[in-house]
Amino acid sequence: MRDYRFDFDPVVPAGRVVFEVYNMGKTVHDFRLYPLSEDVPPIEVQVHGPYRISITPLVLLPPAPPGSRQTVAADLVPGQRYGLLCFERTGPPDDRSHTGLGMASEFRAGFAGRGRP
């Protein structure tokens with residue numbers, strides 16, 4: 001994680017995946033992994049659009065201070081869509097969610113995704 005983006009391999013495999021989550025930013029971030037059904041709009045639409053569909057996280061790590069590292073394993077279903085989100089906030093004066101600043105990414109397990117190598 002960096003300040004306002006997730007960096008991950010362009011292909012996230014299906015099956016048991018170990019996520020090594022490093023906060024390389026200058027602010028606190030959290031890591032949430034959500035399975036996305038096909039009826040859920042693209043994650044960018046969910047974040048910036050007027051309507052939201054409620055979804056339950058598969059992985060929810062506690063807030064991570066700058067320089068920290070967390071490790072978590074998750075079983076990813078082949079072909080399943082997943083969203084990575086950070087819901088920490090910038091605080092005053094603008095108090096914006098990190099999701100709206102770019103910490104919202106999507107990938108499909110086992111396929112080329114939108115990660116930044």
Side-chain angles (χ1 to χ4, degrees):
M1 299 182 291
R2 297 184 188 275
D3 289 336
Y4 314 120
R5 74 175 201 226
F6 289 102
D7 292 332
F8 56 95
D9 290 334
V11 177
V12 178
R16 173 68 47 104
V17 175
V18 176
F19 291 90
E20 296 284 340
V21 182
Y22 297 94
N23 183 352
M24 296 185 286
K26 295 179 182 172
T27 63
V28 172
H29 294 293
D30 64 27
F31 177 92
R32 298 173 189 219
L33 175 68
Y34 291 86
L36 304 173
S37 64
E38 294 303 321
D39 64 332
V40 173
I43 203 69
E44 289 295 324
V45 173
Q46 278 282 333
V47 170
H48 298 292
Y51 304 105
R52 307 230 176 3
I53 294 174
S54 179
I55 50 180
T56 303
L58 176 64
V59 171
L60 172 59
L61 292 177
S68 66
R69 173 183 159 186
Q70 299 169 306
T71 303
V72 65
D75 293 318
L76 305 184
V77 177
Q80 171 74 49
R81 291 171 55 218
Y82 293 91
L84 290 173
L85 298 142
C86 172
F87 284 107
E88 287 296 309
R89 302 195 67 83
T90 60
D94 57 349
D95 195 33
R96 295 181 61 195
S97 172
H98 291 187
T99 57
L101 296 171
M103 289 195 83
S105 295
E106 183 177 322
F107 65 89
R108 193 174 291 273
F111 294 85
R114 298 181 190 159
R116 295 180 183 105

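What's counted below: heavy atoms across the whole structure, side chains too, no hydrogens, waters or symmetry copies.
Note that OG of Ser37 and CD of Gln80 are 7.5 Å apart. Values are rounded to the nearest 0.5 Å. Considering CZ of Arg5 and CE of Met24, their distance stands at 8.0 Å, rounded to 0.5 Å. One finds the CG atom of Leu85 at 4.5 Å from the CD1 atom of Ile43 (value rounded to the nearest 0.5 Å). To the nearest 0.5 Å, the span separating CG on Leu84 from OG1 on Thr99 amounts to 12.5 Å. A distance of 7.0 Å separates CG of Leu60 from CG of Asp30, quoted to the nearest 0.5 Å. Expressed to the nearest 0.5 Å, how far CG of Leu33 lies from OG of Ser105 amounts to 11.5 Å.
Side chains of Phe19 and Val59 form no contact here, defined as non-hydrogen atoms less than 4.5 Å apart. You'll find the side chain of Thr27 stays beyond 4.5 Å of the side chain of Thr90, heavy atoms only. Residues Pro42 and Glu106 have side chains in contact (heavy-atom distance under 4.5 Å, counting atoms from C-beta outward). Between Pro13 and Val17, some side-chain heavy-atom pair lies under the 4.5 Å cut-off. Contact check for Arg2 versus Asp7: side-chain heavy atoms found under the 4.5 Å cut-off.
Sorted by first and then second residue, the salt bridge (charged side-chain N to carboxylate O under 4.0 Å, His left out) pairs involving residues 82-92 (not counting sequence neighbours) are Arg89-Asp95. Evaluation of the ring pair (Phe, Tyr, Trp, His ring centres under 6.0 Å) test over residues 48-104, restricted to residues two or more places apart or in two chains, returns Tyr4-His98, His29-His98, Tyr82-Phe107.
Checked by atom type and distance alone, the side chain of Asn23 pairs as donor or acceptor with a backbone atom of Ala64 at under 3.5 Å. The main-chain N or O of Val11 is never found under 3.5 Å from a side-chain atom of Asp9 such that the two would form a donor-acceptor pair.
In this structure, Pro35 and Pro57 approach most closely via the heavy-atom pair CD-C, 4.5 Å. Across every non-hydrogen atom of Pro63 and Pro65, the tightest pair is O-CD, 3.9 Å.
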- Task: Decide side chain to side chain contact (heavy atoms under 4.5 Å, CB included) for Thr71 and Val21; before the verdict, give the C-alpha distance in whole Å, the side-chain angles of both, and the deciding distance to 0.1 Å.
- Result: CA-CA 6 Å; Thr71 303; Val21 182; over 6 Å; no

* side chain to side chain contact (heavy atoms under 4.5 Å, CB included) between Gln46 and Val40: does it pass, once the steps are laid out? -> CA-CA 8 Å; Gln46 278 282 333; Val40 173; 3.7 Å; yes

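The pair Asp3-Lys26 does not count as a salt bridge, with every side-chain nitrogen at least 4.0 angstrom from each carboxylate oxygen.
Note: the hydrophobic cluster containing Ile53 does not contain Val45 (ILVMFWY, side chain heavy atoms under 4.5 Å, direct or indirect links). Residues Leu61 and Val28 fall into different hydrophobic clusters, defined by Ile, Leu, Val, Met, Phe, Trp and Tyr side chains chained together at heavy-atom separations under 4.5 Å. Two different hydrophobic clusters hold Tyr22 and Phe31 under the rule that ILVMFWY side chains link at heavy-atom gaps under 4.5 Å.
Applying the ring-ring contact (aromatic ring centres under 6.0 Å, His included) test to Tyr34 and every residue at least two apart in sequence or in another chain returns nothing.
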